[in-house]
Amino acid sequence: MSLELESVTLGYPDGERRRIILDGMDLAVAGGELVAVTGPSGSGKSTLLAVAGTLTPPESGRVVVGGVDAGSLRGGAAARLRRERVGFVFQQANLLGSLTARDQLLLAAHIGGRRVRAADRARAEELLGRVGLAGKEGRRPHQLSGGERQRVGVARALMSRPAVLLVDEPTSALDRERGADVMALLAEVVREQGVAGVVVTHDLENASVADRVVALRDGRLTSPVRSAR
Ligand SMILES: Nc1ncnc2c1ncn2[C@@H]1O[C@H](COP(=O)(O)OP(=O)(O)OP(=O)(O)O)[C@@H](O)[C@H]1O
């Protein structure tokens, strides 16, 4: 249950030229560890998550998810790795408006095309309880607060027992207190579930709940200057 990025390079076209966003980047996250990635706007944090989550292949370098080199897989096997071994949590929870919290999780289990089993129902109940939503499993998104919706998003991302949990600015739509609660919850569930967690955040205070904080600058990860706050 780990994530490794080895010498990952990716650029985008920028007018006539090419702008390098990730420049031979290395990152290793162990199972049960949460790494917070900070960095200025446009530095490539979302791009890093897309590469780590095997949504965007790097131009060079390797992405290894739970011991499997994503670059070695094609077609269905690549899609399965992403679906089963990578959990994503987005800035907004991106829940389906008509589904209850429980069904958001069961849909995630069903997306592989297989039937929902009793074990999936048990896992959904357990995870919703774990993120503090016991008794609210039957609520639809509009009957939940922003922080609760984000908790559903965290639980949903954990349904498939992923090796890697990738979280993009989970607190940007929340007030400070709710944001801090969601970050603390993330650190706890990453540890408990033994998943390799990466959370992107602008907020150094929120980042401090992580086991490690790194800054993305000039395509590489460095230690952030914490005293600059
Ligand atoms: N598909 C694309 N094609 C061309 N350029 C892109 C593409 N995606 C992102 N970029 C550029 O790459 C850079 C990094 O973008 P990215 O979204 O990863 O940054 P970020 O650090 O997540 O920013 P923010 O904190 O504002 O969300 C930006 O300059 C962006 O404009």
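Note that ligands are numbered from 1 as they come in the structure, with each ligand's atoms numbered from 1 the same way. The figures here come from the full heavy-atom set of this structure, side chains too, leaving out hydrogens, waters and symmetry mates.
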Which heavy atom of the protein is the closest neighbour of [atom], given with residue, atom name and distance?
atom: atom 3 (N) of ligand 1; answer: Tyr12 CD2, 3.5 Å
atom: atom 18 (O) of ligand 1; answer: Thr47 OG1, 2.6 Å
atom: atom 14 (C) of ligand 1; answer: Gly42 O, 3.3 Å
atom: atom 19 (O) of ligand 1; answer: Gly44 N, 3.2 Å

Heavy-atom check, side chain of [X] versus side chain of [Y], under 4.5 Å:
X: Pro170; Y: Leu186; value: yes
X: Leu166; Y: Val89; value: no
X: Val198; Y: Val37; value: yes
X: Arg85; Y: Val164; value: no

Proximal atoms of ligand 1 relative to [X] (non-hydrogen, under 4.0 Å):
X: His202; result: 25 (O)
X: Arg19; result: 13 (C), 28 (C), 29 (O)
X: Lys45; result: 18 (O), 19 (O), 20 (P), 21 (O), 22 (O), 23 (O), 24 (P), 25 (O)
X: Ser43; result: 19 (O), 21 (O)

| ligand 1 versus Glu169, non-hydrogen atoms closer than 4.0 Å: side chain, backbone, both, neither? |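 Looking at Glu169 and ligand 1, no heavy atom falls under 4.0 Å.
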
| At under 4.0 Å between heavy atoms, which part of Ile21 makes contact with ligand 1: side chain, backbone, both or neither? |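 Just the side chain.
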
Please report the interatomic distance [atom1]([X]) to [atom2]([Y]), rounded to the nearest 0.5 Å.
X: Arg102; Y: Glu125; atom1: CZ; atom2: CD; answer: 4.5 Å
X: Asp69; Y: Arg62; atom1: CG; atom2: CZ; answer: 4.5 Å
X: Leu48; Y: Leu27; atom1: CG; atom2: CG; answer: 6.5 Å

| said: Considering Ser41, Gly39, Ser46 one by one, which has a heavy atom nearer to atom 17 (O) of ligand 1 than any of the others? | reply: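 Among Ser41, Gly39, Ser46, the closest heavy atom to atom 17 (O) of ligand 1 belongs to Ser46.
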
| Is at least one protein non-hydrogen atom found at under 4.0 angstrom from atom 30 (C) of ligand 1? |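 It does not: no protein heavy atom is found less than 4.0 Å away from atom 30 (C) of ligand 1.
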
| query | Mind checking whether Pro40 has a heavy atom under 4.0 Å from ligand 1? | reply |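 It does, in that a heavy atom of Pro40 comes within the 4.0 Å cut-off of ligand 1.
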
| query | Within the distance-only criterion (no hydrogens, no angle test), does the side chain of Thr171 pair as donor or acceptor with the backbone N or O of Leu174 below 3.5 angstrom? | reply |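 Between the backbone of Leu174 and the side chain of Thr171 there is no qualifying donor-acceptor contact (under 3.5 Å).
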
| task | Test Val35 against every option in Val29, Val213, Leu3, Val190 by the side chain to side chain contact (heavy atoms under 4.5 Å, CB included) rule and name the one that passes. | result |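 Testing Val35 for a side chain to side chain contact (heavy atoms under 4.5 Å, CB included) against Val29, Val213, Leu3, Val190 leaves exactly one candidate, Val29.
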
